[in-house]
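Just so it is clear, the structure is predicted and the values come from calculations on it, not from any experiment.
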Amino acid sequence: NFDICFIPYVVGEAEHGGDSIKLYEFLAAKKNIITTDFAGVQTFKNYIKIVKDIKEFQLAVNECLLNKHKEIPNIVYEMTWKIRTKKMIKLFELYN
């Protein structure tokens, strides 16, 4: 029921280079997304708002409230747990 979803991921020394599944879930839910610039989000820069500071965050919130993002990149559908699990099983089968 949210209008905007946030991913305030720590960027910098504490960043572990993770791939946030929340990003794919929010995209699949056709939600407006505001996130910090962590590993992997640049791929979706045309569909989400990537911010570096509080001023950019405030602007992004206003833009999201005015414009609803509904276009979803195809890669989101490839990142479901079902498809990821099938890929992992195939890898295990290769090395079995």
Could you tell me whether a side-chain N or O of N32 sits under 3.5 Å from a main-chain N or O of D3, the two making a donor and an acceptor? yes
Residues passing the side chain to side chain contact (heavy atoms under 4.5 Å, CB included) test with L94, sequence neighbours excluded, are L91
Could you walk me through whether Q42 and I50 pass the side chain to side chain contact (heavy atoms under 4.5 Å, CB included) test, one step at a time? CA-CA 8 Å; Q42 287 295 326; I50 303 170; 3.6 Å; yes
Would you indicate whether the side-chain heavy atoms of I33 and F44 approach each other to under 4.5 Å? no
Nearest heavy-atom neighbours spanning L27 and Y47: CD2-CB, 4.0 Å
Should V51 and L65 be regarded as members of a common hydrophobic cluster, given that ILVMFWY residues are connected when their side-chain heavy atoms come within less than 4.5 Å of each other, either directly or indirectly? yes
To the closest 0.5 Å, what do you measure between OG1 (T35) and NZ (K45)? 15.0 Å
With sequence neighbours excluded, what pairs up with E56 under the salt bridge (charged side-chain N to carboxylate O under 4.0 Å, His left out) test? none
Between V61 and I4, what is the shortest heavy-atom contact and its length? O-CD1, 3.8 Å
Across all chains, not counting sequence neighbours, the side-chain hydrogen bond (donor to acceptor under 3.5 Å, both in side chains) partners of Q58 are none
Would you call the rings of F6 and F57 parallel, tilted or perpendicular, where under 30° means parallel and over 60° means perpendicular? tilted
Before giving the answer on ring-ring contact (aromatic ring centres under 6.0 Å, His included), spell out for F2 and F26 the whole-Å C-alpha distance, their side-chain angles and the decisive distance to 0.1 Å. CA-CA 10 Å; F2 291 98; F26 292 161; 8.4 Å; no
If you measure from the Lys or Arg side-chain nitrogens to the Asp or Glu carboxylate oxygens, is any gap between K90 and E93 under 4.0 Å? no
Taking I48 as the starting point, is it possible to reach L59 by hopping between hydrophobic residues whose side chains are less than 4.5 Å apart? no
Might you point out which heavy atoms bring T36 and P8 nearest each other, and give the distance in Å? OG1-C, 3.9 Å
